[in-house]
Amino acid sequence: MSKIKILYIGNKLLKHGISATSIETLGPLLEREGYDMFYSSDKKNILFRLLDMIWSIWRYRNEVNYVLIDTYSKKSFYGSVFISRFCKFLSLKNIMILRGGNLPYRLKKYPLLSGYVFKDAYRLISPSGYLKHEFEKRGYNAMLIPNNIDINIYKFRLRSEISPSLLYVRSFAAIYNPQMAIEVLRLLKKDYPSASLCMVGPDKDGTLLKCQELVKEYQLQNSVTFTGVLSKKEWHKLSEKYDIFINTTNVDNTPVSVIEA
């Protein structure tokens, strides 16, 4: 019996200092299960990345059994529209993994466009009951496969006494609202002068600079640490020094970082 071959379409940008996404975690797990995997794309520029994805679909059109597509709700949503239609044109079975927490907004505001994207998908996979519900109430069939972690690689530490030490792990982007973490720290400092905040992650849209400026404005330089990008192993080790994980996003689905915390 021949192996199932899958082309995984997503943002494979870890080598550019961007946090790893599912294509770089789920992909190797599928390889371990015996699937032959192809990936696209690792191009940093969003336009070049889309062109590379389209080229990869064309290149492997006669070789793969399925095209697996990470589907987000911001700018890359429109790329998913084009990619899904291209798969339809080539009669390729595409499986869309619903990653974007703001996808219900897309369904509501752009019902016709959403129909082009999702109704022709071979399968819709939701990592949360929330997105599954939102899609199904609009007539789409979605399969729930929750995000998961390998519990064996996480060291548990019982925190019998909680200190006001906060840990933020996410990219610096407007949709994730990292400034809120600094606002929380400012309020905490009124009652807990020793409160601290560590912020882990890469800058995506200039929000890091805004956070650094806010820290200076509130004179919190001695209480806030910016680490930049860290590997999972590095930030897992770092997390042992902190007691409270903070997730400030405006819109979210089921972030793996929250499950890890």
Side-chain angles (χ1 to χ4, degrees), residues 3-15 18-40 42 64-74 76 80 93-104 118 121-136 140-159 167-171 173 175-176 200-202 229-240 242 244-249 251-261:
K3 281 187 177 182
I4 294 176
K5 298 181 179 181
I6 299 173
L7 171 60
Y8 198 148
I9 299 292
N11 299 324
K12 200 170 187 291
L13 304 176
L14 182 61
K15 73 177 187 179
I18 307 299
S19 299
T21 60
S22 296
I23 191 173
E24 288 166 310
T25 55
L26 176 58
L29 291 175
L30 291 172
E31 289 182 27
R32 201 184 306 171
E33 292 294 321
Y35 297 96
D36 277 350
M37 302 296 298
F38 305 91
Y39 301 95
S40 187
D42 60 2
V64 299
N65 304 98
Y66 303 96
V67 179
L68 193 60
I69 306 170
D70 276 339
T71 308
Y72 297 96
S73 52
K74 292 185 71 182
S76 59
S80 298
K93 295 178 180 177
N94 71 86
I95 300 172
M96 308 194 79
I97 306 179
L98 309 174
R99 299 290 182 194
N102 211 27
L103 283 171
F118 301 117
Y122 179 70
R123 289 285 188 276
L124 296 177
I125 306 299
S126 173
S128 72
Y130 160 64
L131 282 184
K132 175 179 168 64
H133 169 74
E134 289 295 322
F135 271 75
E136 290 186 341
Y140 299 97
N141 292 319
M143 179 184 299
L144 177 63
I145 302 180
N147 283 332
N148 64 86
I149 60 174
D150 180 359
I151 199 70
N152 296 311
I153 67 173
Y154 296 87
K155 181 180 178 181
F156 175 74
R157 180 169 75 84
L158 180 63
R159 290 163 170 83
L167 179 64
Y168 170 99
V169 181
R170 204 65 186 262
S171 298
I175 193 172
Y176 302 142
V200 180
V229 181
L230 296 180
S231 68
K232 278 186 179 291
K233 186 176 181 180
E234 288 172 329
W235 86 256
H236 291 169
K237 181 65 177 176
L238 178 69
S239 71
E240 297 176 18
Y242 296 87
I244 301 170
F245 186 90
I246 185 167
N247 187 49
T248 59
T249 57
V251 178
D252 222 328
N253 188 14
T254 53
V256 172
S257 58
V258 172
I259 300 173
E260 290 174 311

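The closest side-chain heavy-atom distance from L238 to L230 is below 4.5 Å. Here the side chains of R99 and S22 are in contact, with some heavy-atom distance below 4.5 Å. Within the 4.5 Å cutoff, no side-chain heavy atoms of I23 are placed close to those of L68. Between V200 and L167 the shortest side-chain heavy-atom distance falls below 4.5 Å. At a threshold of 4.5 Å between non-hydrogen side-chain atoms, the residues F38 and I9 do not count as touching. The shortest distance between side-chain heavy atoms of Y35 and K5 does not fall below 4.5 Å. For the pair F118 and T71, the minimum side-chain heavy-atom distance is below 4.5 Å. Using a 4.5 Å heavy-atom cutoff, the side chains of L29 and T25 are not in contact.
Applying the side chain to side chain contact (heavy atoms under 4.5 Å, CB included) test between E260 and each of N147, I151, I149, I153 identifies I149 as the sole match.
In this structure, L144 and G129 approach most closely via the heavy-atom pair CD1-N, 3.7 Å. Taking all atoms of both residues into account, the shortest heavy-atom contact from L131 to P104 is CD2-CD, 3.5 Å. For the pair D70 and S80, the tightest heavy-atom approach, listed with the atom from each and the gap, is O-OG, 4.1 Å. Closest approach of M96 to N94, counting heavy atoms only: CG-OD1, 3.3 Å. Nearest heavy-atom pair across I97 and Y8 is CD1-OH, 3.9 Å. What you find for E240 and R159 is that their closest heavy atoms are CA-NH2, 4.0 Å.
Atom CZ of R32 has 12 or fewer neighbouring heavy atoms from other residues, nucleotides or ligands inside a 6.0 Å radius. The number of heavy-atom neighbours closer than 6.0 Å to CG of N65, taken from other residues, nucleotides and ligands shown, is above 12.
The closest side-chain donor-acceptor pair between N247 and Y168, if any, does not fall under 3.5 angstrom.
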>> Before you tell me yes or no, could you show the steps for T249 and R170 under side-chain hydrogen bond (donor to acceptor under 3.5 Å, both in side chains), namely the whole-Å CA-CA distance, both residues' side-chain angles and the distance that decides it to 0.1 Å?
In response: CA-CA 9 Å; T249 57; R170 204 65 186 262; 4.8 Å; no

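Between Y154 and H236, the ring planes are tilted. Angles from 30° to 60° get that label.
For residues 141-155, no pair satisfies salt bridge (charged side-chain N to carboxylate O under 4.0 Å, His left out), with sequence neighbours left out.
The ring pair (Phe, Tyr, Trp, His ring centres under 6.0 Å) search around F245 returns none, not counting sequence neighbours.
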